[in-house]
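Below: one structure, written as structure tokens.
Here, residue 1 is the first one in the sequence, and each next residue gets the next number. Remember, it's a predicted structure, so these values are computed and weren't measured experimentally.
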Amino acid sequence: MASSSSSSRQVKHQVFLSFRGEDTRVNFTAHLLQALKDKGWNVFFDDDTLKKGEKISSALSNAIVASVLSIIILSKDYASSNSCLSELSDIMDRKRNPTDKYIVLPIFYHVNPSHVQKIGGTFKTSFQKHESKQPADRVQRWKSAFQEVGALKGWHIGGKSDRYETEYIKDVVEYISKELDSNCTSVSEELVGIDDQKKIILGLIEEEHSRVIGLWGMGGIGKTTLADVVYSEICQNFESHLFLRNVSEKIKNVGNESLRNELFSKLLNQKGICINSPSIGHPYQDRLNNKKVLVVLDDVSNPDQIEFMGVRHFGPESKIIVTSRDKQVLKNGRANHIHEVKKLNENDSLQLFSTFAFKLLNPAADFQDLSCKFVGYAQGNPLSLKVLGSKLYTKSRKEWESEVDSLKQYAEPKMSHILKSSLDGLPELEKNIFLDIACFFKGEKMDTVEKILSNYYMGAMSGIRNLVDKCLLDSIDCYSMHDMLEEIGKDIVRQECKEDPGKRSRLWFPEDIEKGYRNSKFLVDQVDSISLPNKLRKIPNLSSAINLELLDCSYCGSLVELPCLNHLASRDEDKLRLEGCYSLKKFPQVPSHFCYLDLRETEIEEVPDSIKYLHKLERLLLSKSKVEKVSINISKLELLIELNLSECPMVEFPKIPRSLTWLDLSGTGIEEAALSLDSSSNLQYLNMSGSNIQKLICTLFSSREFPTVDLPTPSLRSKILNHMRIDRCESLQLLSELPPYMQTLNVQYCTSLEEVSFADQTLYQFVSLGDDLFGMLFCNCINLNQESIDNIEENAMLKIGSLAKKWAARYDWKFQREDFPRLICCFPGNKISADKFKCQRINSSLSLKIAPNRGSGSRFLVFAICLVADLTHCHRFKYLTCICEYHLTAAGGGCCAEACERVKLLY
């Protein structure tokens, strides 16, 4: 049940768009193209996709062959184009092939479908012209293709029941996504022996009372693969979905709460969810109960893990798929159905083995007999077949026979014997890398592992790639391997010296490490990596550990003391791991060249004066620690760009260095803050969400700078304090002199806020467009005075005008509609300013005439739309979505443009 490298057509473009450029290129086709790309589909779009020097005819033909679906946009002049008709003929040739599941979808764009099928109307004239200029057989081929596509079901745009084109595009994209997901090179078609089992699980999914579905089977049998195939096929049918891999291992590494927080953050689309108690509070229960979700819990070893993830609170029609080697776990976890994942049959086993051993679907003739022997040894286990086949790829028959002999020593070779034989023949470099990942780095981010191993091994990247090619290592988002391979690797290290752990090359097991510490001299020559047990209270002197490459103390909850670590030579950010050391109270002594220090979830109470010696420090993370005081010396760190002190009990705003760009003080006890935003300040992001802040005042000049009449303006760039989160600060009363061009300002749920003001716009410069969405959210700030509301409204209009001017200076017709900038501003009120919004109406729609440009040269229109929404009866909703549609009509009655904007608000 693993990937098969069949000789199927390689898909370069999933969708081929055929259209008459002069008719639809800059309007309907361009919008459809962008919508398809936004969904992640690769689309062939006319000559923009062609490489320089590539012939149009051959490139189009190749693109049709390489695609899995064609969209034909049949406009009024489509049939007048020779190239369009040639494209259509090639497309319909593929459609006629009974073995080629090619999909063709016509869009009848302001044309009568019957005119296409019967070659009537203007199309009749076009073909008459072709008949006078082109060979008869060619024209007949074109006619046949044209009539056939006219008989296919598609979309008719411009008929009697006409709608906005944006609605048609939405329908087309949704339909195509379903077609491509279910019919075109789906995961199941590229896997061996999985379709029948997939159909069984999909059938169980459809059953109303089948909520928790268990997949049970031995290691390597394909439980995760089957769950992944089912998940990929149906996940779009759910409001939220998540595939949680290696649940047991992740819980072991980061704990139950951390993994559940990750799950809830994804399902509820809210960053930073933190539930540190076993129970789940009612607010989260209610929100989860309103969601139809799909969750896969992969590799569960304890029924409590299922319950802890809160699956019983998921909404109606939710589905939970759980994989486990232990059937009793699934029974006790209240699975409604338990499906035993079956071994591969002989034919499927031979095909899968051949895929990896020969890169073919069947064995080479000279290796047929040996292939059957290896398939017999693997006993239908996909992992064994993949590993064996990968090991034997490109090897001679003599080498194959030698491998058979090595397996004959076992009367009945087990899966572990097969996997062990594949490791025995690895070169020294690959074996060391394999053992390092098995013992320490399984599940770690790819760039982290590559950085560490490249510092230690020459040619590490090549070794990693070889392990992936041999199916001994997986590389999807992180480096991982099958549990059985991990255990075999760890057993190899244990066998280095059974009696004395100190003589082994790697230590990760708590009892082994504690034994080794009784004689710390063992560290000098042997160990190069240590993962510490979470019960350890004190680390011995490591100054003689000259080979130490990694010290992993993460989540050592009993650790209270660290030795001096100044001897660590590398500045790599992952050489020292201290996050989650709940009992560590003293700031560690680390080398001055460290650029990254992660001390999250520790008991550290103070950032000491000695912080000034870490002159290379760029990132300091102390969130959820006990820091109450930050030394003023931190302002001397000229390279520090990120400081995270969120959820610390500190009450004073820290003195920050000018280099700092990112500051997180959310959830702190700080009550007042004065930010000096002088010309040398680099602060771009400030988060004080959920803090005790009462007053925040921004000043343009520090104590060393005084404005004069000769001061050049604007004196600051807009990048200074470009993003601010200060939401849910119930004590906040004053926001003063805020920079006028901030891209995001989130002040929601500050129920005591009364005064808001913005700095003089002439002292700042609007220079950056950045992302296309600007936002100011003052939702539920119910005590804002009228002057502050006027200030907010005035600032919104200033930003809209500035965005329009900047866009006009850089506008390029190559950009699609979705690239235009937008500003969303929400604040409490019950009326609309008459001097700023002259056209008003008391309902949900508004019609107005727009004066012509009169030769101004302006290429586009800018709209500022203000609405008052009555939310009195919406108290039970957490999120609300405002939808704004516009339709522009030219003086002559033709459609110029139309679009739909959606704004999601937290209520």
Side-chain angles (χ1 to χ4, degrees), residues 4-20 24 29 32-33 35-37 39-50 54 56-75 78-79 81-109 113 116-117 119 138 140-156 168-169 171-191 195 198 229 232-233 236 361:
S4 169
S5 303
S6 64
S7 56
S8 60
R9 179 183 292 107
Q10 183 175 355
V11 177
K12 181 179 180 183
H13 307 283
Q14 286 133 337
V15 179
F16 181 93
L17 269 181
S18 178
F19 63 98
R20 173 68 165 155
T24 64
T29 301
L32 176 59
L33 170 69
L36 289 166
K37 287 184 175 180
K39 279 288 187 180
W41 300 118
N42 195 347
V43 185
F44 185 95
F45 179 73
D46 200 15
D47 55 332
D48 287 345
T49 311
L50 305 183
E54 194 172 6
I56 297 286
S57 58
S58 63
L60 291 174
S61 179
N62 291 336
I64 293 169
V65 170
S67 65
V68 292
L69 179 150
S70 277
I71 302 173
I72 318 295
I73 303 175
L74 296 159
S75 55
Y78 184 94
S81 167
N82 293 359
S83 61
C84 285
L85 292 174
S86 295
E87 288 174 21
L88 180 61
S89 298
D90 288 348
I91 289 168
M92 296 311 293
D93 283 346
R94 279 200 64 187
K95 175 68 175 173
R96 296 186 198 104
N97 187 347
T99 63
D100 192 344
K101 298 179 181 179
Y102 196 64
I103 302 171
V104 178
L105 300 172
I107 296 175
F108 303 96
Y109 188 74
V116 179
Q117 189 173 2
I119 309 184
R138 181 180 299 169
Q140 185 56 48
R141 180 171 179 258
W142 291 350
K143 277 187 173 182
S144 298
F146 200 73
Q147 289 175 310
E148 286 179 43
V149 77
L152 298 177
K153 181 180 283 189
W155 293 268
H156 183 200
Y168 279 110
I169 288 173
D171 290 347
V172 172
V173 172
E174 287 182 356
Y175 184 87
I176 287 171
S177 295
K178 289 180 180 178
E179 286 294 306
L180 291 173
D181 284 337
S182 60
N183 295 329
C184 303
T185 61
S186 67
V187 177
S188 61
E189 290 182 6
E190 297 175 357
L191 296 173
D195 279 341
K198 184 191 76 170
V229 171
S232 299
E233 182 152 327
Q236 297 302 324
L361 296 178

Aromatic ring pairing His156/Phe108, orientation class (parallel under 30°, perpendicular over 60°, tilted between): perpendicular
Partner residues of Ser81 under the side-chain hydrogen bond (donor to acceptor under 3.5 Å, both in side chains) criterion, sequence neighbours left out: Ser83
Go through the steps to decide whether Glu148 and Arg96 satisfy the test side chain to side chain contact (heavy atoms under 4.5 Å, CB included), and finish with yes or no. CA-CA 10 Å; Glu148 286 179 43; Arg96 296 186 198 104; 3.0 Å; yes
List the residues meeting salt bridge (Lys or Arg N to Asp or Glu O under 4.0 Å) with Arg141, not counting sequence neighbours, and say none if there are none. Asp90, Asp93
Measuring from Gln236:CD to Lys39:NZ, what's the distance to the nearest 0.5 Å? 6.0 Å
Apply side chain to side chain contact (heavy atoms under 4.5 Å, CB included) to Val149 and Ile91, showing your working. CA-CA 10 Å; Val149 77; Ile91 289 168; over 6 Å; no
Which heavy-atom pair separates Ala145 from Ser89 by the least distance, and what is that distance? CB-CA, 3.8 Å
When you check the side-chain N and O atoms of Ser18 and Tyr78, is any donor under 3.5 Å from an acceptor? yes
Heavy atoms, side chains only, cut-off 4.5 Å: are Leu74 and Phe146 in contact? yes
Evaluate the criterion side chain to side chain contact (heavy atoms under 4.5 Å, CB included) for residue pair Tyr168 and Leu32; output intermediate values, then yes/no. CA-CA 9 Å; Tyr168 279 110; Leu32 176 59; over 6 Å; no
Can you measure from NZ (Lys95) to CD1 (Ile103) and round to the nearest 0.5 angstrom? 7.5 Å
Nearest atoms (heavy-atom pairs only) where Gln117 meets Gln147: O-CG, 3.2 Å
Over all heavy atoms of both residues, which pair between Ile71 and Leu36 is shortest? Give the atoms and the distance, please. CD1-CD1, 4.0 Å
Is any side-chain heavy atom of Arg94 less than 4.5 Å from a side-chain heavy atom of Ser70? no
Evaluate the side-chain proximity of Leu152 to Ile72: yes if any heavy-atom separation is below 4.5 Å, no if none is. no
One should read off an interatomic distance between Leu17 CG and Leu69 CG, to the nearest 0.5 angstrom, of 9.5 Å
CA sep, side-chain torsions, deciding dist, call: Tyr102, Ile64, side chain to side chain contact (heavy atoms under 4.5 Å, CB included): CA-CA 10 Å; Tyr102 196 64; Ile64 293 169; 4.2 Å; yes
Drop me the distance from Ser144's OG to Leu88's CG, to the nearest 0.5 angstrom. 10.5 Å
List the residues meeting side-chain hydrogen bond (donor to acceptor under 3.5 Å, both in side chains) with Ser75, not counting sequence neighbours, and say none if there are none. Asp23
Taking the basic N atoms (NZ, or NE/NH1/NH2) and the acidic carboxylate oxygens, is any pair closer than 4.0 Å for Glu233 and Lys198? yes
